[in-house]
Every structure is written in structure tokens, then in C-alpha cells.
Amino acid sequence: MIIGAHGITGEVRLKVFAEDVSAYRAFNDGALTLKSAREGSNGVIARFAEVTDRNAAEALRGTELTVPRSALPPLEEGEYYHADIIGLPAIASDGEELGHVALIENFGAGDVLEIERPDGRRFMVPMKVEAVPEWDQDRLIVERAFIA
């Protein structure tokens with residue numbers, strides 16, 4: 001995600017959710033072409049070919065950067081992409097329908113799922129096998145002991 005401009009020549013600051021953003025060249029269906037990326041003190045500093053000044057960079061603040069699914073590396077056992085988990089129905093291990101996965105946070109100790117109940121209330125569950133013993137493309141199971 002572009003979080004702001006950096007300098008006056010069109011560079012932007014990124015919040016990166018990938019191990020290495022420089023592994024990708026084209027973003028948002030080819031609308032942005034990555035020329036360079038480097039670590040900065042407040043996120044990754046990137047230069048896109050299509051962004052040539054601070055005003056253009058600032059106009060992109062809040063833009064989510066996307067790549068096609070086919071450009072992503074294959075997943076290992078137990079790995080997942082956030083996009084595959086967000087929106088999944090959440091079901092308790094005893095069969096109760098809990099709602100859906102609304103958000104994934106990471107405060108430093110691993111991913112935490114935020115489950116939204118049908119009434120809008122939310123609770124959090126660590127994305128660990130003890131709390132979430134299984135998931136697939138259709139639903140996510142939450143152990144009863146971790147339900148608030």
C-alpha cells in the first residue's frame with residue numbers, strides 16, 4: 001500500500017505485505033511499473049515509472065498495490081495468503097456459525113484473526129493450530145476454547 005510521498009521527485013513510501021516487493025515489476029494490472037525499491041526508515045521507498053513528481057506521488061496515498069495471483073509464489077503446507085482467509089465463514093469446532101473473518105492483524109507475535117459476528121461484534125483469535133485447527137477455501141474452524 002502506498003502510504004505517502006517521499007521527497008520531491010515522485011518516490012513513494014510503501015507498507016509492504018510481501019517478503020520482497022522488488023520481486024514484482026507491474027502492479028494494478030500494469031498501471032504502475034516498479035523502477036526501484038529500497039528500505040527506508042519508515043517503510044520501503046519505491047519509484048514507479050509513471051510517477052514523476054511529489055504531487056503525483058501524494059495523489060496515490062492510500063492506493064493498494066496488487067499483482068495477479070499467478071505472480072505469487074506457491075504456498076508451503078500451513079501457509080496462506082491473507083486474501084484467501086479474509087471473508088471466510090468462521091465456524092466453531094462444535095458447529096456454531098460465528099460469522100466471518102473480517103481482518104487479519106499482526107502485532108509481532110503472529111497473525112491474529114478478527115472474526116465479525118452477524119450482530120457486528122468482533123473477537124480475535126490467534127492464527128495458530130491450537131485455535132484454528134483447519135481451514136480451506138470454504139470455511140475456517142475455530143476451537144470453542146478460543147471464542148470470546
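For this chain, numbers begin at 1 and follow the sequence in order.
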**OP:** Begin from the C-alpha positions of R38 and E11 and carry the test salt bridge (Lys or Arg N to Asp or Glu O under 4.0 Å) through to its verdict.
**Re:** CA-CA 11 Å; R38 67 182 192 282; E11 289 183 308; 2.6 Å; yes
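- Put simply, the side chain of N106 does not reach to within 4.5 Å of the side chain of V112, judged on heavy atoms.
- Across A131 and V125, no two heavy atoms sit closer than the pair CB-CG1, 3.6 Å.
- In this structure, the side chain of E143 does not engage the main chain of A92 through any donor-acceptor pair within 3.5 Å.
- Note on V21 and Y81: same hydrophobic cluster, where clusters join Ile, Leu, Val, Met, Phe, Trp and Tyr whose side-chain heavy atoms are under 4.5 Å apart, directly or indirectly.
- Heavy-atom contacts from other residues, nucleotides or ligands closer than 6.0 Å to CG of D138 number more than 12.
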**OP:** Carefully, step by step, assess E39 and V44 under the rule side-chain contact (heavy atoms from CB on, under 4.5 Å).
**Re:** CA-CA 5 Å; E39 288 296 322; V44 172; 3.6 Å; yes
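- Under the ring pair (Phe, Tyr, Trp, His ring centres under 6.0 Å) criterion, Y80 pairs with W135, sequence neighbours left out.
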**OP:** Just do the side-chain contact (heavy atoms from CB on, under 4.5 Å) check on F146 and V132 with the steps written out, would you?
**Re:** CA-CA 9 Å; F146 289 88; V132 181; over 6 Å; no
Subject >> side-chain contact (heavy atoms from CB on, under 4.5 Å) evaluation trace for I45 with R13 >> reply: CA-CA 5 Å; I45 308 299; R13 290 181 293 118; 3.5 Å; yes
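- What you find for A5 and A57 is that their closest heavy atoms are CB-CB, 3.8 Å.
- With a 4.5 Å cut-off on side-chain heavy atoms, I3 and V12 do not count as touching.
- A heavy-atom distance below 4.5 Å is not found between the side chains of I8 and D53.
- Within 6.0 Å of atom CG in L75, more than 12 heavy atoms from other residues, nucleotides or ligands are found, so the atom counts as buried in its surroundings.
- Hydrophobic clustering (ILVMFWY, side-chain heavy atoms < 4.5 Å, transitive): M124 and I91 are in distinct clusters.
- Clustering ILVMFWY residues whenever any of their side-chain heavy atoms sit less than 4.5 angstrom apart, transitively, puts F123 in the very cluster that holds L88.
- What you find for I86 and A102 is that their closest heavy atoms are CG2-O, 3.9 Å.
- Rounding to the nearest 0.5 angstrom, the gap separating the NZ atom in K35 from the OG atom in S22 is 15.5 Å.
- Residue Y24 is grouped with residue L65 when hydrophobic side chains (ILVMFWY) are merged at heavy-atom distances under 4.5 angstrom, including chains of intermediate members.
- Under a hydrophobic clustering in which Ile, Leu, Val, Met, Phe, Trp and Tyr are joined whenever their side-chain heavy atoms come within less than 4.5 Å, directly or via other members, I147 and M127 fall into the same cluster.
- The side-chain heavy atoms of I85 and I104, taken from C-beta on, include a pair separated by under 4.5 Å.
- At least one donor-acceptor pair closer than 3.5 Å links the side chain of D136 to the backbone N or O of R139.
- Between D111 and H82 there is a side-chain heavy-atom pair separated by less than 4.5 Å.
- You'll find the side chain of I115 reaches within 4.5 Å of the side chain of V101, heavy atoms only.
- R47 and T9 form a side-chain donor-acceptor contact under 3.5 Å, judged by distance and modelled atom types alone.
- Closest approach of V51 and G10 over heavy atoms only: CG1-O, 3.2 Å.
- Remark: the backbone N or O of A31 is not paired with any side-chain donor or acceptor of N28 at under 3.5 angstrom.
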**OP:** Evaluate the side-chain contact (heavy atoms from CB on, under 4.5 Å) criterion for residues V67 and F27: first the C-alpha distance (whole Å), next the side-chain angles of each, then the deciding distance (0.1 Å), finally the verdict.
**Re:** CA-CA 5 Å; V67 297; F27 294 88; 3.7 Å; yes
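- Screening R117, R122, R121 for a salt bridge (Lys or Arg N to Asp or Glu O under 4.0 Å) with D119, the sole residue that qualifies is R121.
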Original post:
Where do R144 and E96 land on the salt bridge (Lys or Arg N to Asp or Glu O under 4.0 Å) test, with the steps shown first?
Top reply: CA-CA 9 Å; R144 172 58 64 193; E96 177 191 356; 2.4 Å; yes
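- More than 12 heavy atoms of other residues, nucleotides or ligands lie within 6.0 Å of CD in E50, so this atom counts as buried by the packing criterion.
- With E79 contributing its side chain and E76 its backbone, the two residues share a donor-acceptor pair below 3.5 Å.
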